[in-house]
Amino acid sequence: MNYVLNSVIFMTAKKILSEILEKIYYASSWSIILYIVVTTGIYMGIVILIEAYLNEKKKKFISYALNVSIIVYVIIILLVTLVSRNVQMSREISIVPFSYLDSQDKIRGNLMNILLFYPLGILSGTKWKKKRCILSGTFMSLVIEISQYFWNLGYAEVDDVINNTIGMALGVSVMLVFEKFYLHYNKDKNGYEDE
C-alpha cells in the first residue's frame, strides 16, 4: 500500500514539475529576463537589510538558512535534470561543443541551462569563495551529465556542462560586483560618519 501511495505522489510531483518547466521553457525571453532582474534585486535587497539591521547572532541564523537554501536548490536541480526525465531508448552523448545550434529550440535549451545554475551561483556566491563556487557548479553539472548518460535519462552534452558553468559564473559574478559596490558604499558612508 505504501509503495503504491509513494508511486502516486512521485508521479504527481513529477507531472507538476514537468508542467512548471514547460511553462518556463516556453515563456517569452523578456519575461524571463524581467524575472531574473526582479528576483536578483529582491535577493540583494534582503542581503542589504540583513547586513544593516541584524545583530551577529541573527546573522548566524541567516547563514544557516542560506546553507539550507543552497541544499534545497541543489535538490531542485537534481529533480529537474534527473528525476523529472523519462528513460530513453538509447544512450546518446555529444562531446563537440555547440554543434547543434541549428534551431530556436536548441538556443532556448542552452539559455535554460544557463538560467538553471544562475540562482545557485547567486546563493553560493554569497557564502563561499568565488572560484570554489564555479568549480563546484562545473563538477555538479558533469556528474549530472554522466548520470543522464548511464541511466539513459536524456542526451548527455558537453554544451550543458559549459552552459551550467556559465550560469554559475554569472550568478557568482553578480554577487562579486554587488559586494564590491556595497562594500565601497559602506566604506564611503562610514568614512563620512567618522569625520
Side-chain angles (χ1 to χ4, degrees), residues 13-51 54 59-85 106-148 153-154 156-183:
K14 188 174 173 179
K15 188 172 191 263
I16 291 168
L17 184 61
S18 296
E19 286 176 14
I20 291 169
L21 289 173
E22 193 172 328
K23 282 190 188 330
I24 294 169
Y25 186 82
Y26 289 109
S28 73
S29 301
W30 286 112
S31 61
I32 291 171
I33 290 167
L34 183 65
Y35 171 77
I36 291 168
V37 169
V38 169
T39 51
T40 302
I42 290 169
Y43 180 74
M44 288 177 179
I46 291 167
V47 170
I48 289 169
L49 290 172
I50 288 167
E51 287 296 318
L54 295 185
K59 283 182 187 175
K60 199 174 262 190
F61 172 76
I62 295 295
S63 180
Y64 291 131
L66 189 57
N67 284 336
V68 169
S69 66
I70 290 169
I71 291 166
V72 167
Y73 195 75
V74 166
I75 291 168
I76 289 170
I77 289 175
L78 294 175
L79 286 171
V80 167
T81 56
L82 297 175
V83 178
S84 70
R85 299 284 180 103
K106 287 290 181 185
I107 293 168
R108 185 173 280 270
N110 285 328
L111 292 174
M112 289 295 119
N113 277 314
I114 291 170
L115 178 62
L116 182 65
F117 271 65
Y118 173 78
L120 186 60
I122 291 272
L123 292 170
S124 59
T126 310
K127 291 266 312 168
W128 303 336
K129 291 183 178 173
K130 311 308 179 206
K131 284 182 184 173
R132 186 189 300 171
C133 293
I134 296 168
L135 287 174
S136 63
T138 304
F139 178 74
M140 182 180 167
S141 180
L142 198 57
V143 167
I144 288 168
E145 292 305 308
I146 290 168
S147 300
Q148 284 179 347
L153 294 173
E157 298 176 90
V158 172
D159 296 15
D160 291 356
V161 177
I162 294 168
N163 290 321
N164 294 156
T165 303
I166 290 169
M168 193 78 171
L170 276 173
V172 168
S173 300
V174 166
M175 285 315 297
L176 190 63
V177 169
F178 168 69
E179 283 174 9
K180 294 279 184 203
F181 276 107
Y182 183 67
L183 290 174

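When reading the values below, keep in mind they use all heavy atoms of this one structure, side chains included, and skip hydrogens, waters and symmetry mates. Note that the coordinates shown come from a computational prediction; the quantities given were computed from them, not determined experimentally. For the single chain, residues carry numbers from 1 onward in sequence order.
Judged by distance alone, the side chains of Ser141 and Thr138 never bring a donor and an acceptor atom under 3.5 Å apart.
Lys129 NZ to Ser124 OG: the interatomic distance, rounded to the nearest 0.5 Å, is 14.5 Å. Between Ile122 atom CD1 and Cys133 atom SG the span is 11.0 Å, to the nearest 0.5 Å. Note: Leu142 CG to Asp160 CG = 11.0 Å, rounded to the nearest 0.5 Å. Taking CZ of Phe117 as the start and CG of Leu120 as the end, the distance is 6.5 Å to the nearest 0.5 Å. Note that the CE atom of Met175 and the NZ atom of Lys180 stand 13.0 Å from one another [nearest 0.5 Å].
Shown here for Leu116 and Ile77, the closest heavy-atom pair between the two residues is O-CD1, 4.0 Å.
Residue pairs meeting the side-chain hydrogen bond (donor to acceptor under 3.5 Å, both in side chains) criterion with at least one partner in residues 72-82, sequence neighbours excluded, do not occur; the list is empty.
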Determine whether Ile32 and Met112 satisfy the following criterion, side-chain contact (heavy atoms from CB on, under 4.5 Å), listing intermediate values before the conclusion.
CA-CA 10 Å; Ile32 291 171; Met112 289 295 119; 3.4 Å; yes
Test side-chain contact (heavy atoms from CB on, under 4.5 Å) on Tyr118 and Ile166; report intermediate values, then the result.
CA-CA 8 Å; Tyr118 173 78; Ile166 290 169; over 6 Å; no
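Side-chain atoms of Gln148 never come within 3.5 Å of backbone atoms of Ala156 as a donor-acceptor pair (strictly under, hydrogens ignored). Here the side chain of Ser31 pairs no donor or acceptor atom with the backbone of Ala27 at under 3.5 angstrom. Under the 3.5 Å distance criterion, the side-chain polar atoms of Asn164 are matched with a main-chain donor or acceptor of Asn113.
You'll find the side chain of Thr40 stays beyond 4.5 Å of the side chain of Phe178, heavy atoms only. Side chains of Met140 and Met168 form no contact here, defined as non-hydrogen atoms less than 4.5 Å apart. Counting heavy atoms from C-beta on, the side chains of Val143 and Phe139 come closer than 4.5 Å.
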